[in-house]
Colleague: 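The structure that follows is given in the form of structure tokens.
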Amino acid sequence: MATARKEAENAIGLEEIHTERQEPPKGQKTFTVEEAVETIGFGTFHIILFLIMGSTGVVEAMEIMLIAVVSPLIRCEWQLQDWEVALVTTMVFFGYMVFSIVLGLLADRYGRWKILLLSFLWASYFSLLTSFAPSYIWFVFLRAMVGGGVAGHAQGLIIKTEFLPTKYRGYMLPLTQVFWLAGSLLIIGLASVVNPTIGWRWLIRIASIPGILLILAFKFIPESARYNVSTGNVAAALATLQRIAKMNRAAIPEGELREPAKERRGRFEDLIHPKYLRTTLQIWIIWLGIAFAYYGVILASAELLERDLVCGSAAPLVQDSGDDSEESRSPCHCHLFGPIAYQTMIISTVGEIALNPLNILGINFLGRRLSLCITMGCTALFFLLLNICTSSAGMTGFLFMLRALVSANFNTIYIYTAEVYPTTMRALGMGTSGSLCRVGAMVAPFISQVLMNASFIGALCLFSSVCVVCAISALTLPIETKGRALQVCITMPGVAASLNATYKLDYDSARI
């Protein structure tokens, strides 16, 4: 026991040398941001934080899901082929991929809050411009710019993660999915009313309103205290912690806030540092596969409803019974959604929170790795079950379960990625992971909207195979973050053998 503690102290000593930590005067009490967050606990501030930062998920869901509900209309208006429709979604995620890296770097250098605000302004501006697109080319370009802005919304999750006490992260972060669900249901509900009446351009304008309103609420959220300390701005971090303690009717620890590191800001080389290389590569594989499956399910659902593809063959379009709207009697290329199609989309979308209770239990009791492995394996199974010849209700049930599983996958990998990297590179880690995630999202449209029309079972087998690879990668991740305190700095090579002892010592200190 004494040996383990000594090794931990040696590891900490090496880290202090690497980060040029300045020791406080002997006998003076000090505390870290981690200890302050744990001492203050959960309260009013965190509820406000959860509501405002969670609402970024509403905006993101509306912008991303928008393509699924307007695709049939732009196909009709501009007489598009399957690959042209797929290219719209691909370019949205291309913009997301490029800007994820850039915004991740900027957030680690200039702050999470500033980049979050900038990304909302950017996305809202280009989203409004999209509604005036005069041609298909302009539409694709402007939606790519919107995707670039949406990439910065991940900073909201990072801010939440860095303010939440350790024991609440596994419970509160999965609940963020409720906001994504609300955004998805809102855009589908609006589409069912707006598309058949005043058109898709007005749908985009209306969908931009929540993002514009949310910008006004950002003034109530401070910059991350962990970020301020990691950049040497201890005074700002202390003021933030005191404000949180006042709102929560608690007190911060006695003593002086310690500046744990004066370290260079996040760089790409840090992600492939020997300590994180394997973790980073496996996380990238998982993010890519989860996005591929998630957006594959969403777009496949829309394609199944628009084209009525069942049992691996392309059947003639079957109109919803009782649907006599002008929208459903459209000419060639205009196989638009009727009321029953929108209803099916709503039901399957609700599935995104169906497994939330089990997901939360799994994350906190089984751990992040095993929980993710199980849900990814089940996702692979349900992709194959989608090929079973069944009724409309049966297909809706399979889509419901798939949405529930892919949503659980995203919950878990978001939490794991935010927890596994230290503060100095957390935003960069999330940004690069988000970029690789968008590679999967960029490929998904061509599988769901092009390959699926040629070979239904082939597309499903491809989705299933990718999920199996992700399940194996999740199970073999080298670090389990359940119950582990958030790390601040990168340690020197050679202390890897003492990392577990160091993490345990840090976590015990935070609780004390």
Side-chain angles (χ1 to χ4, degrees), residues 5 8-9 11-12 15-16 19 21-54 111-113 157-173 175 220-263 363-364 415 418-424 426 481-489 500-512:
R5 181 170 291 274
E9 292 171 353
I12 295 174
E15 178 179 349
E16 291 172 352
T19 58
R21 178 181 298 175
Q22 296 182 350
E23 292 294 333
K26 189 174 181 180
Q28 181 179 354
K29 290 184 178 181
T30 63
F31 63 92
T32 64
V33 173
E34 178 73 27
E35 292 167 346
V37 168
E38 298 294 334
T39 301
I40 293 172
F42 186 86
T44 303
F45 169 79
H46 296 93
I47 295 174
I48 297 174
L49 175 73
F50 179 74
L51 292 175
I52 295 177
M53 293 294 97
R112 287 81 161 102
W113 189 91
L157 176 74
I158 294 175
I159 291 175
K160 280 188 297 182
T161 302
E162 295 184 339
F163 276 125
L164 280 172
T166 302
K167 69 177 182 179
Y168 288 97
R169 290 201 305 264
Y171 294 97
M172 296 301 296
L173 294 180
L175 292 179
F220 298 106
I221 301 300
E223 178 59 87
S224 166
R226 295 178 192 271
Y227 168 79
N228 282 330
V229 166
S230 71
T231 57
N233 194 355
V234 179
L238 182 61
T240 296
L241 293 172
Q242 290 172 337
R243 172 186 169 189
I244 296 172
K246 182 178 180 180
M247 292 182 67
N248 287 7
R249 297 182 180 180
I252 62 176
E254 295 182 1
E256 182 180 348
L257 179 60
R258 186 171 75 236
E259 180 183 349
K262 291 182 180 178
E263 180 143 331
I363 287 172
N364 287 283
I415 293 172
E419 291 178 333
V420 77
Y421 291 117
T423 301
T424 53
R426 186 169 297 123
T481 62
K482 181 173 80 74
R484 193 188 78 160
L486 292 181
Q487 305 301 290
V488 177
C489 313
N500 289 335
T502 305
Y503 295 153
K504 182 65 169 63
L505 184 59
D506 286 346
Y507 181 57
D508 289 342
S509 298
R511 290 193 299 175
I512 294 171

Colleague: Taking all heavy atoms of Phe31 and all of Gly255, pick out the closest pair and write down the distance.
Modeller: CE2-O, 3.3 Å
Colleague: When rounded to the nearest 0.5 angstrom, what distance separates CD1 in Ile221 from NZ in Lys160?
Modeller: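 The CD1 atom of Ile221 sits 10.5 Å away from the NZ atom of Lys160.
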Colleague: Rounded to the nearest 0.5 Å, what separates atom CD in Glu162 from atom OG in Ser224?
Modeller: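 Separation between the atoms: 3.5 Å.
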Colleague: If we only count heavy atoms from C-beta on, is the Thr39 to Ile252 side-chain gap below 4.5 Å?
Modeller: no
Colleague: Measuring only between side-chain heavy atoms, which start at C-beta, is Glu223 closer than 4.5 Å to Asn233?
Modeller: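 No - every pair of side-chain heavy atoms lies 4.5 Å or more apart.
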Colleague: Measuring from atom CD1 of Ile40 to atom CZ of Phe45, what distance do you get when rounded to the nearest 0.5 angstrom?
Modeller: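 If I round to the nearest 0.5 Å, the distance is 9.0 Å.
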Colleague: Quick check: closest heavy atoms across Gly41 and Pro165, and the distance to 0.1 Å?
Modeller: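 Minimum heavy-atom separation between Gly41 and Pro165: C-CG, 3.8 Å.
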Colleague: Could you pull out all residues at least two apart from Phe42 that satisfy ring pair (Phe, Tyr, Trp, His ring centres under 6.0 Å)?
Modeller: His46, Tyr168
Colleague: Return the CD to OG1 distance between Glu38 and Thr32, rounded to the nearest 0.5 Å.
Modeller: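 Glu38 atom CD to Thr32 atom OG1 measures 9.0 Å (nearest 0.5 Å).
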Colleague: Would you list the atom pairs, donor with acceptor, under 3.5 Å between side chains in residues 234-245 and any protein atom, with sequence neighbours excluded?
Modeller:
from   : atom 1 : to     : atom 2 : distance (Å)
Thr240 : OG1    : Ala236 : O      : 3.0
Arg243 : NH2    : Phe220 : O      : 2.7

